[in-house]
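The structure appears below as structure tokens.
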Protein chains: 2
Amino acid sequence: MAQTNHPVRTVDRTLEILEIIRELDGAGVSEIADRVQVGKSAVHNHLNTLAQREYVVKEGDEYHIGLAFLGLGAYARNRNEIYDTARPAVDKLAEETGELVNLLVEKQGRGIFLYKAEGDQAVQLGTYAGQRVHLHSTGLGKAILAFRPREEVEAILDEHGMPAATDKTITDRETFFEELDEIREQRYAVDREEGLPGLRCIAVPITDGHDRALAAISVSCPSQRVDDERFFEELPNEVLSAANVVELEHNHS
Amino acid sequence: MAQTNHPVRTVDRTLEILEIIRELDGAGVSEIADRVQVGKSAVHNHLNTLAQREYVVKEGDEYHIGLAFLGLGAYARNRNEIYDTARPAVDKLAEETGELVNLLVEKQGRGIFLYKAEGDQAVQLGTYAGQRVHLHSTGLGKAILAFRPREEVEAILDEHGMPAATDKTITDRETFFEELDEIREQRYAVDREEGLPGLRCIAVPITDGHDRALAAISVSCPSQRVDDERFFEELPNEVLSAANVVELEHNHS
DNA sequence: TATAATGGTTCTGCCTGGCCAAACGGCGTT
DNA sequence: AACGCCGTTTGGCCAGGCAGAACCATTATA
């Protein structure tokens with residue numbers, strides 16, 4: 001997307017305010033005004049306008065994100081048909097493995113978590129639905145990129161770069177493409193603490209009828225608790241078969 | 001909430017635009033401009049500003065709600081601690097009954113659906129997470145209001161009125177309070193096609209330690225398919241015990 | 001093909017309305 | 001009782017949002 005020529009600054013400000021409120025987990029007028037670099041009265045007016053429609057709510061002396069966004073958010077998620085078909089499979093996989101299972105889609109060259117399910121031993125990460133991540137530094141992202149044409153992948157890397165998330169993140173382009181080749185061959189990706197230290201995961205793409213990835217699902221587990229045999233021998237098959245179910249269902253209906 | 005004195009019109013316009021896009025399930029600039037009563041260029045600027053941050057996305061020649069809202073929406077939902085504790089119970093209830101199960105909270109005198117789960121025979125309604133409804137015309141709302149002080153209920157009815165949703169909706173205030181008395185006694189509410197024609201439901205409040213309702217869960221089923229015995233004799237107990245589990249867990253942690 | 005119609009994008013200048021600063025009022029603290 | 005901190009209100013200035021028209025791109029019609 002090229003630069004906007006005439007951005008509506010007021011809208012930008014509103015969005016910034018909302019993001020700040022979420023970051024701070026609730027905030028007061030002055031606090032927000034400081035960060036946004038606009039006067040208190042302006043912030044106050046924004047908040048009141050949003051509050052009118054319950055996009056924010058005032059609780060005591062601080063403002064919070066309102067449930068009105070749930071309508072838009074849930075709607076946006078449901079527009080990805082993959083969500084509906086994948087959800088049961090993700091839940092099931094979480095229950096069976098006992099671990100953390102995630103569903104990710106690619107939008108504008110970045111990954112967005114659509115859904116997660118936690119098994120009873122699942123690690124508690126800070127991941128949340130709607131979170132955006134780089135594709136190259138997660139198993140999920142690699143699984144998706146492996147099933148995209150090379151030029152598309154190049155374009156994405158050009159745009160977003162390959163910043164290191166941990167010291168194991170692949171930051172060299174050639175190495176990365178070799179990795180993708182391997183993923184394509186075995187049809188699943190392994191994330192060896194490339195996204196978060198101490199966390200490994202197995203990710204499998206969900207493709208359309210033409211071997212193009214639409215999304216990916218993964219199982220994440222702490223390197224310590226899960227030994228290599230379970231991780232490298234058993235998990236891949238479980239994730240693969242879950243993804244397979246989703247693919248079949250998705251490409252039929 | 002009193003009227004805002006200095007609403008930020010630009011923000012209002014943005015919100016209107018977003019709501020229109022959702023309503024129309026995707027829309028073009030001209031289409032939106034018509035409805036919002038502003039020029040095409042203004043709408044265009046708004047959309048571009050939103051697109052910059054992926055709050056909207058352009059797909060072909062129409063704009064759609066973007067996944068950036070999922071972050072805010074999911075966050076807003078998770079701020080209600082009841083969501084986390086109730087979700088498993090709602091899922092389980094849906095599976096056991098095979099019907100549609102909903103979770104509703106009260107905000108500013110109206111009901112907001114937080115979550116739904118569908119059993120394998122569940123009716124397909126247009127309800128979605130984030131949807132706002134009147135409290136007096138749904139079983140869920142009645143269940144909540146029954147466990148609120150009378151003056152609070154009066155205030156809510158004053159503010160929002162008692163519009164009829166179907167010909168069975170209770171629109172008389174005295175009758176309504178009698179209904180609430182009965183609900184309080186049996187601890188569950190029955191919705192006899194008061195919210196939607198042909199749809200009945202059993203709703204049970206989730207209360208805090210002081211008998212004040214925080215939320216409610218319900219099972220909805222078509223009047224035809226489910227006979228009176230199952231509906232009046234069996235369902236209430238199933239919903240009651242599910243709600244009970246949630247209450248216990250919620251009031252402990 | 002030509003031509004028209006439709007819808008998205010760009011541009012310009014007017015004037016609204018969003019913002020700042022300052023003042024006010026409510027609360028809690030010293 | 002005076003101070004300090006915050007949210008809210010007010011007034012006035014001028015940035016910036018909007019309308020309108022011109023400009024493209026694409027599809028429909030003949």
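Each chain gets a letter, A, B and so on, in the order the sequences are listed, and its residues count up from 1.
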Handout entry: Under 3.5 Å side-chain donor-acceptor pair for A:T138 and A:E194
Key = no
Handout entry: Position toward the 5' end of DNA chain D (nearest nucleotide), A:E31 or B:K40
Key = A:E31
Exercise for the section: Whole angstrom is fine here: how far is it from CG in A:L47 over to P in D:dT8? Expected result: 8 Å
Practice task
May I ask you to evaluate whether A:T10 reaches the phosphate of D:dG16, defined as a side-chain N or O under 4.0 Å from OP1 or OP2?
Solution key: no
Exercise for the section: Given salt bridge (Lys or Arg N to Asp or Glu O under 4.0 Å), test B:D158 with B:R173 step by step and report yes or no. Expected result: CA-CA 10 Å; B:D158 285 345; B:R173 204 173 274 221; 3.0 Å; yes
Problem - A:H44 side-chain N/O to D:dT8 phosphate OP1/OP2 under 4.0 Å - result: yes
Problem - B:R9, nearest nucleotide to its side chain (from D:dT9, C:dG17, D:dG17) - result: C:dG17
Exercise for the section: Answer yes or no: does a side-chain N or O of B:H46 lie under 4.0 Å from OP1 or OP2 of D:dC18? Expected result: yes
Exercise for the section: Just compare C:dT12, C:dC19, D:dG7 and give me whichever is closest to any side-chain atom of A:H6. Expected result: C:dT12
Fill in the blank from the handout: Whole-Å distance, A:I21 CD1 to D:dG7 P, equals 12 Å
Exercise for the section: May I have the distance from B:D12 (atom CG) to D:dG17 (atom P), rounded to whole angstrom? Expected result: 15 Å
Practice task
Look at the rings of A:H134 and A:H160 and say which category their plane angle falls in: under 30° parallel, 30 to 60° tilted, over 60° perpendicular.
Solution key: perpendicular
Exercise for the section: Using a 4.0 Å heavy-atom cut-off across all strands, classify B:S41 as base, sugar-phosphate, or nothing. Expected result: base
Exercise for the section: Would you mind reading off the distance between A:D61 atom CG and D:dC5 atom P, rounded to a whole angstrom? Expected result: 16 Å
Fill in the blank from the handout: The nucleotide from C:dT9, C:dG18, D:dC18 with an atom nearest the side chain of B:A42 is D:dC18
Practice task
Verify the contact: side-chain N or O of A:S30 to OP1 or OP2 of D:dG7, cut-off strictly under 4.0 Å; return yes or no.
Solution key: yes
Exercise for the section: Compare side-chain N and O positions of B:Y63 against OP1 and OP2 of C:dG7 and report whether any pair is under 4.0 Å apart. Expected result: no
Handout entry: d(NZ, B:K58; P, C:dG7) in whole Å
Key = 15 Å
Problem - Separation of C:dC19 C1' from A:I32 CD1 (nearest whole Å) - result: 16 Å
Practice task
Write down the distance between CG (A:N45) and C1' (C:dA21), rounded to a whole number of angstrom.
Solution key: 14 Å
Completion exercise
Among C:dT9, D:dG7, D:dA19, the one nearest any side-chain atom of B:V29 is C:dT9
Completion exercise
Shortest non-hydrogen pair, A:H136 vs A:M162, comes out as NE2-C, 3.2 Å
Exercise for the section: For B:Q52 and C:dT9, give me the distance from atom CD to atom P, rounded to whole Å. Expected result: 13 Å
Handout entry: Atom of B:P205, atom of B:A143 and distance for their closest heavy-atom approach
Key = CB-O, 3.5 Å
